[in-house]
K.L.:
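Before anything else, here's the structure in question.
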Amino acid sequence: MKRKNLIAKRKVKKIFLSIKDPKIEKLYKKFEEVVSKNIKKDSFALAVSGGADSLCLSYFSKLYSKKFKSKMHVLIVNHNIRKESFIEAQKVKKILFKKKIKCQILAWKGKVPKSNIQGKARNLRYQLLANYCSLKKIKYLITAHHKDDQIENFYIRLLRGSGVTGLSSMSEIINYNEDLKILRPLLRIKKSELQHVTSNYFGTYIKDPSNQDKKFLRVRIRQFRQDMEKEGFDDTKIIKTIDNLLSAKKTIDFYKDKALCKHVTFLSKNNCVVNGKIFSEESKEIIFKSFSDIISLISGTYYPPRSAKVLNLINRIKKMKYNKSTLGGCIIEKKEDFISISKEEKSKLPITIGK
């Protein structure tokens, strides 16, 4: 064996010797399998909130970065929504620093949302992260979404009457925009397993008080989920259902992409024109998915508008009197047999990067 390969093999062995718990090593290998398949040796960013799941993500990313010599950018987002946000961001930074994990704090300096707080905070977080990745020319952002998130999302969307696309929940990898992909390597790992890793390695993690506040739907869903498990609708059955729906979603996406190629002309990344023939030549589901994806893509937001709002827009466009409206950060105008969709002009995102 060549000396160079021998040294590399010893380094890899040293990394795994640092994992003294066989259970943690097994979980890391699940993480590595997903990341190596997609990112390989490219640089990547990851979002860390200080919770058990995201701290576990930072530890696994550190191991991966060492093994594959990939540069990682660890990012903490301070929404400034709660008074404690700044202190918590600094606390997370200290936790990471003790394990020699360098990080940066991205602080939101704009208007604080007063309604739909969790949803708007989520969108702000992705905007800040995407802006940083664009600035540093990073093509991959890793998030700590896990198996429990997947199941909770399924229940939330089921209660909202979502279709195939919504119920199929989160994919392992998606395009945030034309320059950035979001990777979720922990989707097959339970939250309790991530807590085991974090407690073992960091010894601590931050508990978000909103996770106990029943005014948030996700918190109430957790109780509902426990009740459903008692009735036999357990995690295994839900994941199997999600996988089946995801397979159906891929079929819909195939025909949706064909419809976009046929009926949509992108004039720029912020503007496109849709041929009105889409309404007579495509099925209801394909039309809905096309407009939902276009609005998300043009606006540059991670999450598209709610299904009901997109369907309402489509029904209004079909009417003769429709002229112009806005939805999801886009301006939608109808001119004869064509629909123009363009991004709303907004002021530059207020962001500061802390050390």
Side-chain angles (χ1 to χ4, degrees), residues 30-31 34 46-47 49 51-54 56-57 77 116-127 129-130 141-176 181-195 208 210-229 231 233-253 285 288-289 292-293 295-296 301-311 328:
K30 284 185 179 181
F31 166 87
V34 176
L46 57 142
S49 65
D53 43 3
S54 67
C56 176
L57 180 70
V77 173
N116 188 22
I117 295 173
Q118 286 194 327
K120 289 178 180 177
R122 179 185 60 213
N123 286 332
L124 291 178
R125 180 168 66 251
Y126 277 107
Q127 287 180 58
L129 293 167
L141 171 66
I142 300 180
T143 65
H145 291 102
H146 47 75
K147 190 174 184 179
D148 293 76
D149 289 328
Q150 186 80 299
I151 294 169
E152 287 167 12
N153 279 351
F154 173 82
Y155 275 123
I156 289 171
R157 293 171 183 181
L158 185 65
L159 289 173
R160 288 174 177 164
S162 296
V164 172
T165 299
L167 292 175
S168 60
S169 204
M170 295 180 283
S171 301
E172 187 177 274
I173 187 167
I174 63 159
N175 293 323
Y176 177 82
K181 293 181 185 294
I182 294 178
L183 183 65
R184 306 179 181 110
L186 305 179
L187 283 181
R188 297 291 172 174
I189 302 176
K190 294 180 181 179
K191 185 178 181 67
S192 59
E193 293 175 315
L194 300 176
Q195 289 174 332
D208 187 345
S210 67
N211 286 333
Q212 305 300 322
D213 194 337
K214 291 187 177 181
K215 75 178 181 180
F216 296 119
L217 177 59
R218 186 174 290 275
V219 177
R220 300 196 300 275
I221 285 291
R222 286 168 191 156
Q223 179 59 53
F224 175 72
R225 179 181 164 192
Q226 291 174 13
D227 294 337
M228 291 302 291
E229 285 178 358
E231 297 299 324
F233 197 32
D234 59 21
D235 293 358
T236 302
K237 291 177 182 176
I238 295 174
I239 292 298
K240 185 177 180 180
T241 299
I242 291 172
D243 288 342
N244 289 336
L245 288 166
L246 186 58
S247 178
K249 177 181 176 292
K250 289 179 180 178
T251 301
I252 292 172
D253 284 341
E285 184 67 23
F288 161 74
K289 193 68 171 67
S292 182
D293 283 10
I295 291 171
S296 182
T301 55
Y302 175 53
Y303 287 95
R306 294 274 175 86
S307 300
K309 291 186 177 181
V310 177
L311 289 172

K.L.:
Report yes if the side chains of Leu57 and Pro185 come closer than 4.5 Å at any heavy-atom pair, otherwise no.
P.N.:
yes

K.L.:
Kindly write out the residues that satisfy side chain to side chain donor-acceptor pair (under 3.5 Å) with Asp234, not counting sequence neighbours, or none if the list is empty.
P.N.:
none

K.L.:
List the residues meeting side chain to side chain contact (heavy atoms under 4.5 Å, CB included) with Arg188, not counting sequence neighbours, and say none if there are none.
P.N.:
Ile239, Asp243

K.L.:
List the atom of Ile242, the atom of Leu167, and the distance in Å for their closest heavy-atom pair.
P.N.:
CG1-O, 4.1 Å

K.L.:
Would you say Lys30 has more than 12 foreign heavy atoms packed within less than 6.0 Å of its NZ?
P.N.:
yes

K.L.:
Please name all residues satisfying side chain to side chain contact (heavy atoms under 4.5 Å, CB included) with Ser247, sequence neighbours left out, ordered by chain then number.
P.N.:
none

K.L.:
Just to verify, what does Asp235 make a side chain to side chain donor-acceptor pair (under 3.5 Å) with, not counting sequence neighbours?
P.N.:
Arg225

K.L.:
Going by salt bridge (charged side-chain N to carboxylate O under 4.0 Å, His left out), name the pairs with one or both residues in residues 154-176, residues two or more places apart or in two chains.
P.N.:
Lys37-Glu172

K.L.:
For Lys181, check side chain to side chain donor-acceptor pair (under 3.5 Å) against everything at least two apart and list the hits.
P.N.:
Asn175

K.L.:
May I ask you to test the Pro305-Ile295 pair for a side-chain heavy-atom distance under 4.5 Å?
P.N.:
yes

K.L.:
Kindly give the heavy-atom pair with the smallest separation between Leu194 and Ile189, and that separation in Å.
P.N.:
CD2-CG2, 3.6 Å

K.L.:
Using ring-ring contact (aromatic ring centres under 6.0 Å, His included) as the criterion, list what pairs up with Tyr155, not counting sequence neighbours.
P.N.:
Phe224

K.L.:
Could you tell me whether a side-chain N or O of Ser168 sits under 3.5 Å from a main-chain N or O of Val164, the two making a donor and an acceptor?
P.N.:
yes

K.L.:
With sequence neighbours left out, write down each residue that passes side chain to side chain contact (heavy atoms under 4.5 Å, CB included) with Ala47, or none if nothing qualifies.
P.N.:
Leu129

K.L.:
With sequence neighbours excluded, what pairs up with Thr143 under the side chain to side chain donor-acceptor pair (under 3.5 Å) test?
P.N.:
His145

K.L.:
Quick check against the 3.5 Å criterion: does Glu152 have a side-chain atom that pairs as donor or acceptor with the backbone of Arg222?
P.N.:
no

K.L.:
With distance as the sole test, does Ser54 use its side chain to make a donor-acceptor pair with the main-chain N or O of Ser49 at under 3.5 Å?
P.N.:
yes

K.L.:
Looking at Asp149 and His146, would you say the former's side chain and the latter's main chain have a donor-acceptor pair under 3.5 Å?
P.N.:
yes

K.L.:
Residues in side chain to side chain contact (heavy atoms under 4.5 Å, CB included) with Thr165, at least two apart?
P.N.:
Lys249, Glu285, Lys289

K.L.:
Quick one: OH on Tyr126 to CD1 on Ile182, what's the gap to the nearest 0.5 Å?
P.N.:
5.0 Å

